[in-house]
Peer 1: 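There's a structure below that I have some questions on.
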Protein chains: 2
Amino acid sequence: MKHITIKDIAKVLGISKSTVSRALSSDSQNVSKETIRKVLDTADKMGYRKNEMAVNLRHRSTKTIGIILPEAETSFYMKFTSMVQHLLQLKGYRLLLAISDEDFINERSNVELFDKYRVDGLLISTCHNKANYDFYESFIKRGIPIVFFDRIIQGLECSSVKSDDYKATFFLMEHLIYDGRKRILYLAGPDHISTTADRMRAYHDTLSKHHISYDPSLVIVTGTNEEDGAAAMTAFLDSCPPQEMCDALFCFTDLQAVGAKKVLEKRGISIPETISIACMSGTRMAALVSPAITTVERPMLKMSEEAVRLLLAKIEDINTPSEKVVLPAEMFIRASTRRK
Amino acid sequence: MKHITIKDIAKVLGISKSTVSRALSSDSQNVSKETIRKVLDTADKMGYRKNEMAVNLRHRSTKTIGIILPEAETSFYMKFTSMVQHLLQLKGYRLLLAISDEDFINERSNVELFDKYRVDGLLISTCHNKANYDFYESFIKRGIPIVFFDRIIQGLECSSVKSDDYKATFFLMEHLIYDGRKRILYLAGPDHISTTADRMRAYHDTLSKHHISYDPSLVIVTGTNEEDGAAAMTAFLDSCPPQEMCDALFCFTDLQAVGAKKVLEKRGISIPETISIACMSGTRMAALVSPAITTVERPMLKMSEEAVRLLLAKIEDINTPSEKVVLPAEMFIRASTRRK
DNA sequence: CAAATTAATGGAAACGTTCCCGCAACCGTT
DNA sequence: AACGGTTGCGGGAACGTTTCCATTAATTTG
């Protein structure tokens, strides 16, 4: 497939490629109207498309942003990406996407790939909290604009956006407690996710604020999927003596909650009468099941706006001071915690 | 941010950049072991990363594929993209992603952007069936490898992969009919989606095969979302005389089905006893609600494999004959059509 | 041991742009 | 009429690679 170049256009019109280049550029300075018309005409006729590779090489900038997602199971990251793409498009940037599948080896190689590709900046939601700290530290030192979103890495000298998980957890926990719940089973997220710690801290803090003693048997660390939630719930119900049964369930993700909910329903435990359910990391899924599940959602739109803003600021000037943006989450009280 | 180039390495080692380039290349022909070691060493020390732009320009190939999705609401496209990325990564390709948001103006400009970016090939699920037929026709003529997936465009001279919607619809409809359902309400998809026609045809054909007369009031053309499903269901229930009530619901997407199901439940209509529900375009959502919804799912994995295979074949040799792959869908009979 | 082959390297062109510089023609001003 | 400024254009270097070709040194071969 032979691509048309400005040289071809120049030859056809009997002018130099400098003039063609000028005529094709958006400001078109120092070219006669007549020439511009002719160039645009024949370019169109010959099916010319500017080779962005050459432009990038010459300009030493790609007008491309890389975004790295930890997974593509939940709708959150995808929608977030979609929003980011729109915002970036307006600013003349393209998006390069990679998915790490919760594997930090992948994440790392994705970052390196994008770097070789000379992306102007990186948007990252990491799968591990600590594992690649050193890696990113040296990366950032090399002067590459990076903004972490949603799942961030503590202590790095860079901008980030996340939702206020501590406050959100606190809110949901108090919501359960004010409803009279005292034995709140917590299906926690895996250690490597950065939000796990914040939420765990909030879980403890709410309990102690309300003078409820902490019972370690009520905390189960598990995966984030439906199956994980179902398995954890089953294990708990099977092993728990009746007098130690929980009266509420607090999940790390809505998928977990849906899985656990199915188990409860199968065993004839009524929701929310016997056990009420609330969860973090809500998506539309939480609203679609019935009873719909009380949840907090990450403020996707605001988050994408902030992420793009912070990244473009760093791209504009790498010495822009870093900002750690923490956004309030959106709360949705639904039937799973509403006694009839 | 000053990037290290092979020239810098050459200068440090006092050798020519040709030699550095050779040492850095994967086959490393005609370079002494000693030189290779030295080059690799200092490259690492200096933090060298190959500039892919320059490589692309020189090689006239970007090792990049563009994928264009119609939307990012449902998990299907995202997971599909994730699978495709994995497959392409193994072959040394990168993925560039764009989302058209069901707007063919966007779709078009996305294609043009990727073209300027000299992607080696394009993976497209289109939002409109007819609107941009001419556009793609001239595009394909220019010799750019394109494979359409899921939502294809009829009549184009190119490869494509889709699931067998006709057969799947037929199967689900017969499943309902064998259960004794005679008045099957069909929430159809919007006209512009390529699969709409196939499914509509299958709807008619199943009815006539089983000598059930077609009642136009049982077909409602609507959007694919939960809200669309709920609105259509409400409208039908409100306007339908009791003697003309339907005994089954057949939806275009699982989101529609979930929306409609909520309306039915709110009105105390029992599922599946009074009205059973089946739907096309199923995702995990259909399994998560209760009662879980009978559905057919597109064979994501197989589809992604085929799409990649077809595209790489075209990239390898643009004259590879086009293939129109039609894959059998996966059937999931669930509680929404299972009388207790 | 001379000739032929092979191995290791350097020089330079090319990929498709942009943009600086220089030149010529034209304009208006003094 | 001489001058400075503007306009329109062409030449050519540069961006960072790869790769062909030429050159030299080292090795094999008859």
Peer 1: Return yes if some donor-acceptor pair links the side-chain N/O of B:Asp101 with the main-chain N/O of B:Asp103 below 3.5 Å, else return no.
Peer 2: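 Flag not set: sc B:Asp101 to bb B:Asp103 has no pair under 3.5 Å.
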Peer 1: If only side-chain N and O atoms count, and only distance matters, is there a donor-acceptor pair under 3.5 Å linking B:Thr19 with B:Ser16?
Peer 2: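 Yes, B:Thr19 and B:Ser16 have a side-chain donor paired with an acceptor closer than 3.5 Å.
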Peer 1: Can you tell me if A:Lys7 has over 12 outside heavy atoms packed within less than 6.0 Å of its NZ?
Peer 2: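 No, because the 6.0 Å sphere around NZ of A:Lys7 holds 12 heavy atoms or fewer from other groups.
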Peer 1: Taking B:Gly155's backbone N and O only, do any of them form a donor-acceptor pair with B:Tyr133's side chain (distance below 3.5 Å, no angle check)?
Peer 2: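 It does hold such a pair.
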Peer 1: Can you list the steps and then say if B:Leu327 with B:Val325 is a side chain to side chain contact (heavy atoms under 4.5 Å, CB included)?
Peer 2: CA-CA 6 Å; B:Leu327 265 19; B:Val325 176; 3.2 Å; yes
Peer 1: For B:Thr5 and B:Lys17, does a side-chain donor sit closer than 3.5 Å to a side-chain acceptor?
Peer 2: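 B:Lys17 and B:Thr5 do not have a side-chain donor-acceptor pair below 3.5 Å.
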Peer 1: Whether the A:Glu157 and A:Tyr136 side chains hold a donor-acceptor pair (N or O, under 3.5 Å, no angle test) is what I'd like checked.
Peer 2: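 A:Tyr136 and A:Glu157 do not have a side-chain donor-acceptor pair below 3.5 Å.
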Peer 1: For the residue pair B:Asp8 and B:His3, confirm or rule out a side-chain donor-acceptor distance under 3.5 Å.
Peer 2: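 B:Asp8 vs B:His3: no donor-acceptor pair found between side chains.
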Peer 1: Identify, residue by residue, the members of residues 46-54 of chain A with a heavy atom below 4.0 Å from DNA chain C, and return them in order of residue number, or none.
Peer 2: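 A:Tyr48, A:Arg49, A:Lys50, A:Asn51, A:Ala54 - these, ordered by number, are the residues of the stretch whose heavy atoms sit under 4.0 Å from the strand.
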Peer 1: Reading DNA chain D from 5' to 3', where do the contacts with chain A start and stop? Cut-off is 4.0 Å to heavy atoms.
Peer 2: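 Range of nucleotides touched by chain A: D:dG8 to D:dG16.
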Peer 1: Report the C-alpha separation of B:Val147 and B:Leu122 in whole Å, then their side-chain angles, then the decisive distance to 0.1 Å, and conclude whether the side chain to side chain contact (heavy atoms under 4.5 Å, CB included) test is met.
Peer 2: CA-CA 6 Å; B:Val147 170; B:Leu122 245 19; over 6 Å; no
Peer 1: Between B:Lys79 and A:Glu71, is the closest basic N to carboxylate O distance under 4.0 Å?
Peer 2: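 No, A:Glu71 and B:Lys79 are not salt-bridged.
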Peer 1: Counting any heavy atom closer than 4.0 Å, what does A:Thr5 reach on the DNA or RNA strands: base, sugar-phosphate only, or nothing?
Peer 2: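 Answer is sugar-phosphate: A:Thr5 comes under 4.0 Å of backbone atoms only.
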Peer 1: Using the heavy-atom set of chain A and a strict 4.0 Å cut-off, write down the first and last nucleotide of DNA chain C that makes it in, 5' to 3'.
Peer 2: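 Both ends considered, the range comes out as C:dG16 to C:dC20.
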Peer 1: Under the ring-ring contact (aromatic ring centres under 6.0 Å, His included) test, which residues partner B:Phe135, sequence neighbours left out?
Peer 2: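 Listed in chain order: B:Phe139.
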Peer 1: Between A:Leu57 and B:Ser16, just flag the one whose closest nucleotide in DNA chain C comes earlier from the 5' side.
Peer 2: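 Taking each residue's closest nucleotide, the earlier one in sequence belongs to B:Ser16.
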Peer 1: Closer to the 5' end of DNA chain D via nearest nucleotide, is it B:Arg22 or B:Val55?
Peer 2: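 Upstream on the strand: B:Val55.
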Peer 1: Roughly how bent is the helix from C:dC1-D:dG30 to C:dT30-D:dA1 end to end, in steps of 10 degrees, with each end axis from five pairs?
Peer 2: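 If I round to tens, the end axes sit 50° apart.
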Peer 1: Side-chain donor-acceptor pairs under 3.5 Å in residues 43-52 of chain B, sequence neighbours left out?
Peer 2:
| unit_1 | atom_1 | unit_2 | atom_2 | d |
| --- | --- | --- | --- | --- |
| B:Arg49 | NH1 | A:Asp115 | OD2 | 3.4 |
| B:Asn51 | OD1 | B:Met53 | N | 2.8 |
| B:Asn51 | OD1 | B:Ala54 | N | 3.3 |

Peer 1: Within a 6.0 Å radius of atom CD on B:Glu316, are there more than 12 heavy atoms belonging to other residues, nucleotides or ligands?
Peer 2: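 Not more than 12 within 6.0 Å, no.
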Peer 1: Counting the atoms with a prime plus P, OP1 and OP2 as sugar-phosphate, which does B:Ser25 contact under 4.0 Å by heavy atoms, base, sugar-phosphate, or nothing?
Peer 2: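 Answer is nothing: B:Ser25 stays at 4.0 Å or more from every strand.
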Peer 1: Within the 4.0 Å heavy-atom criterion, would you say B:Ser32 contacts the bases, only the backbone, or no part of the nucleic acid?
Peer 2: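 Sugar-phosphate contact only - B:Ser32 comes under 4.0 Å of backbone atoms but never of a base.
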Peer 1: Heavy atoms only, 4.0 Å cut-off, all strands: where does A:Ser18 land among base, sugar-phosphate and nothing?
Peer 2: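 It contacts base atoms.
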